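Quick notes on the structure that follows.
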Amino acid sequence: MEKTTSTLAQTVSHPLLWIGAIAVLVIIAVQSVIYLRAAKSAAVKVGMSGTEVNTAFRAGGISAIGPSIAVCLVALALLPLFGTPSTITRLGLIGSAAYETIAANLALGVMGTGLGEPNVDGNMLVTMLLALAIGGSGWMVVTLIMTPIMKRGLGEGTTTKTARKRSARWALLPTAALLGAFFTLGLKEFAASSDAAIVFVTSAGVMLLLTLVAQWLNRPILREFALGAAMIVAIAVGYFIS
Amino acid sequence: MSASTNPTTANPMADFDKTTSTWGPITMLAGMAAMLSGPLMLVAFGGYSIEPMTLVACVVAIAAVMGVIWVIEPISYFPILGPGAMYQAFLIGNISTKLLPAAVTAQESIKAKSGTPQAQIAAALAICSAALIHVIGLMLIVGVFGQWLLTVIPADVLGAVTTYVVPAVLGAFVMQNVIGNRKQPKLIVTALIVGIVVIYGLAPLTPALANAAPFLGVVLTAVIAMLMFKPAPKAEATDSTVSAEAGAQQLASPRAEAAKQD
């Protein structure tokens, strides 16, 4: 009976989105296996022992567990907004919870609404998801185009000095652009309401605190949890003040 | 090319490079197709419809604010990752928070000297391992237990998550950028002043200016920064080196040497 007006919950957990999400995970796994086999055969050529190969593989995996849990914690905050399959797709691939949330809000803003607004309909949501996917392709397209070009640059014997000069030319402008973008976006949220301002400041404070504590205790792993922790604490504060 | 090379003088990484420069782009394109397939299938078979012009406007809005990251990140990470790992890193992301720490940990675990093929292989193994952990984590915590966790969490908490997720992300993310660029305080102050002027000065004037706020933030900060920091021709070398080091500082790793030796 509700077939014509499916709810947003039905839209975001649509089986077709699950197919895409599972395909994404399978492709990441396949890529890793291809690279793993190539790395193992290269290891034999340079005389690395099997123990060394296993140790390196295990160490890499263990150090990735913390950041992976942090990413999934952040993902839980996105689940009600994006649904399970799209959360897997968006966070499984290049991008971040912060990036995706901001991009989603920008896309919905174009359609005259915003994340969590009651007037978002299924078509808007699908438009947003497609816009996010195209946005995520941005990094991949640049990587596919630039990697062979930069590889050739390396082959032509780029010296450290010229490489540094070149990267310096790229470095200032994008840093300025990024800071400009995020200070403006942040202040926009800050100015929206006093509750939002408190949430914003709390989140920034937790991030600063965890970064300092991580440095002080020399525990870089704390930094991997910092964004997830900052989000959770800030949202909790928002919950209690509203 | 590598087949005609004398095996005794050949780079031991030649086969690895060949495999990754073939399969890297193929798997990355496949990942991109899979990523686009979900929403596209909803439009094609799911009964949803989208306005092409609205979609274009959404993508333009995202690109205007975020597009600079798409270009800058691949260029900045290339010297550290080397060509092969680029296709892994920019498929799955989490580069500075997951992949690079994993790579360095692995290199330390086998005491591989930086710049050696061993270091490069250790990093490759670690990134594969990290990628598999990434897949397992998402499958279990988000895919399997995610919805259960959502049913356990009360509705008003979910409401708070929905309401506050944007400021909660932005507060931490702005702070992260401030910390990451703390060696460029002039840029941070410039961006802060531009943000205040745009949000409290320009945005209230008209809705058009309010919508263009992020773009104004980018353009004004970039222009002011360029005018302020434009190095004198003679001082260029010193200035560039300093800012290059500031920019690369967080990414500095033994792998940078490995990439250079390719």
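Everything numeric in this text was worked out from a predicted model, so none of it was measured. The sequence lines fix the lettering, A, B, ..., with proteins before strands; numbering per chain opens at 1.
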NZ/A:Lys40: more than 12 non-hydrogen atoms of other groups inside 6.0 Å: no
Does B:Val142 reach the side chain of A:Leu91, with side-chain heavy atoms less than 4.5 Å apart?
no
Okay, side chain of B:Ser129, backbone of A:Gly60: is any donor-acceptor separation there less than 3.5 Å? no
For A:Met111 and B:Cys58 the tightest heavy-atom approach is CE-SG, 4.0 Å
Rounding to 0.5 Å, atoms CE (B:Met66) and CD1 (A:Ile102) come to a distance of 4.5 Å
Okay, B:Ser37 and chain A: the region with an atom under 4.5 Å from a heavy atom over there is side chain
The interface call for A:Met48 against chain B, heavy-atom contacts under 4.5 Å, is side chain
Bottom line for B:Ile196: the part with an atom under 4.5 Å from chain A's heavy atoms is both
Ranked by heavy-atom pairs below 4.5 Å to chain A, first place among B:Gly143, B:Gly93, B:Pro167 goes to B:Pro167
Honestly, the part of A:Val206 sitting under 4.5 Å from a heavy atom of chain B is neither
Looking only at A:Ala196, A:Ser137, A:Gly186, A:Ala234, the option with the highest number of non-hydrogen pairs under 4.5 Å against chain B is A:Ser137
Say whether, by atom type as modelled, one donor and one acceptor occur between the side chain of A:Asn123 and the main chain of B:Ser49 under 3.5 angstrom.
yes
Cut-off 4.5 Å, heavy atoms of chain B, and the answer for A:Thr89 is side chain
Scored by heavy-atom pairs under 4.5 Å with chain A, the best of B:Val194, B:Val56, B:Leu132, B:Thr19 is B:Leu132
For a side-chain contact (heavy atoms from CB on, under 4.5 Å) check, start with the C-alpha distance between B:Leu91 and A:Ile94, then their side-chain angles and the critical distance, and finish with the verdict.
CA-CA 5 Å; B:Leu91 182 64; A:Ile94 180 79; over 6 Å; no
### Message
If you apply the rule side-chain contact (heavy atoms from CB on, under 4.5 Å), what do you find for A:Ser242 with B:Tyr164, and how did you get there?
### Response
CA-CA 10 Å; A:Ser242 60; B:Tyr164 295 118; 3.3 Å; yes
Assert top hit (heavy-atom pairs under 4.5 Å, partner chain B, pool A:Ile27, A:Ile88, A:Thr143, A:Ile34) equals A:Thr143
Between the CD1 atom in B:Ile92 and the CG atom in A:Leu25, the distance rounded to the nearest 0.5 Å is 11.0 Å
Exercise for review: Could you tell me whether a side-chain N or O of B:Trp70 sits under 3.5 Å from a main-chain N or O of A:Gly135, the two making a donor and an acceptor?
Suggested key: yes
With chain B, the option among A:Ile22, A:Leu93, A:Val110 that has the most non-hydrogen atom pairs under 4.5 Å is A:Leu93
Tightest non-hydrogen contact, residues B:Met13 and A:Ala42, listed as SD-CB, 4.1 Å
From the list A:Ser41, A:Gly238, A:Ala204, the residue making the most non-hydrogen contacts under 4.5 Å with chain B is A:Ala204
Treating A:His14 as the side-chain partner and B:Leu42 as the backbone partner, does any N or O pair qualify as donor plus acceptor under 3.5 Å? no
To the nearest 0.5 Å, atom CD1 of B:Ile179 lies from atom CG of A:Leu212 at 6.5 Å
One should read off an interatomic distance between B:Ile199 CD1 and A:Phe183 CZ, to the nearest 0.5 angstrom, of 12.5 Å
Heavy-atom closest pair (B:Leu187 atom, A:Ala176 atom, distance to 0.1 Å) is CD2-CB, 3.7 Å
Is a donor on one side and an acceptor on the other found under 3.5 Å between the side chain of A:Tyr35 and the backbone of B:Trp23? no
Pair count under 4.5 Å, heavy atoms only, with chain A: among B:Gly84, B:Gly47, B:Ala64, highest is B:Gly84
Nearest heavy-atom contact between A:Val126 and B:Pro39 is CG1-O, 4.0 Å
Chain B shares the most heavy-atom pairs under 4.5 Å, among A:Val33, A:Val53, A:Ile19, A:Val30, with A:Val53
Are more than 12 heavy atoms from other residues, nucleotides or ligands located less than 6.0 Å from atom OH of B:Tyr200? yes
| Is any side-chain N of the basic residue among A:Lys151 and B:Asp17 closer than 4.0 Å to the acidic one's carboxylate O? | no
**Request:** Please confirm whether the backbone N or O of B:Tyr87 pairs with a side-chain atom of A:Gln31, one donor and one acceptor, at under 3.5 Å?
**Result:** yes
Self-check item: Worked verdict on A:Tyr99 versus B:Ile62 for side-chain contact (heavy atoms from CB on, under 4.5 Å)
Solution: CA-CA 10 Å; A:Tyr99 167 86; B:Ile62 295 171; 3.8 Å; yes
Distance alone, cut at 3.5 Å: any donor-acceptor contact between the side chains of A:Thr11 and B:Tyr48? yes
Flag if over 12 foreign heavy atoms under 6.0 Å of CZ, A:Phe190 = no
In terms of heavy-atom pairs under 4.5 Å with chain A, the winner among B:Gly195, B:Ala30, B:Gly24, B:Ala34 is B:Ala34
Looking only at B:Leu40, B:Val174, B:Leu29, most heavy-atom pairs under 4.5 Å shared with chain A are made by B:Val174
Most heavy-atom pairs under 4.5 Å with chain A, out of B:Val59, B:Val60, B:Val198, B:Leu192, belong to B:Leu192
Turns out that what part of A:Val201 lies under 4.5 Å from chain B's heavy atoms comes down to neither
For this session: Show the numbers, then the answer: is there a side-chain contact (heavy atoms from CB on, under 4.5 Å) between A:Ile134 and B:Leu55?
Result: CA-CA 10 Å; A:Ile134 294 170; B:Leu55 178 66; 4.1 Å; yes
To the nearest 0.5 Å, atom CE of B:Met175 lies from atom OG of A:Ser203 at 9.0 Å
Chain B shares the most heavy-atom pairs under 4.5 Å, among A:Ala56, A:Ala192, A:Gly47, with A:Ala56
Rounding to 0.5 Å, atoms CD (B:Glu51) and OG1 (A:Thr127) come to a distance of 8.0 Å
Bottom line for B:Ala63: the part with an atom under 4.5 Å from chain A's heavy atoms is neither
Scanning both residues in full, the closest heavy-atom pair of B:Pro74 with A:Val142 reads CG-CG1, 3.8 Å
Residues A:Ala133 and B:Leu36: closest non-hydrogen pair is CB-CD2, 3.6 Å
Honestly, the part of A:Arg90 sitting under 4.5 Å from a heavy atom of chain B is side chain
Checklist entry - With side chains defined as the heavy atoms from C-beta onward, is the minimum distance between B:Met86 and A:Met146 less than 4.5 Å? => result no
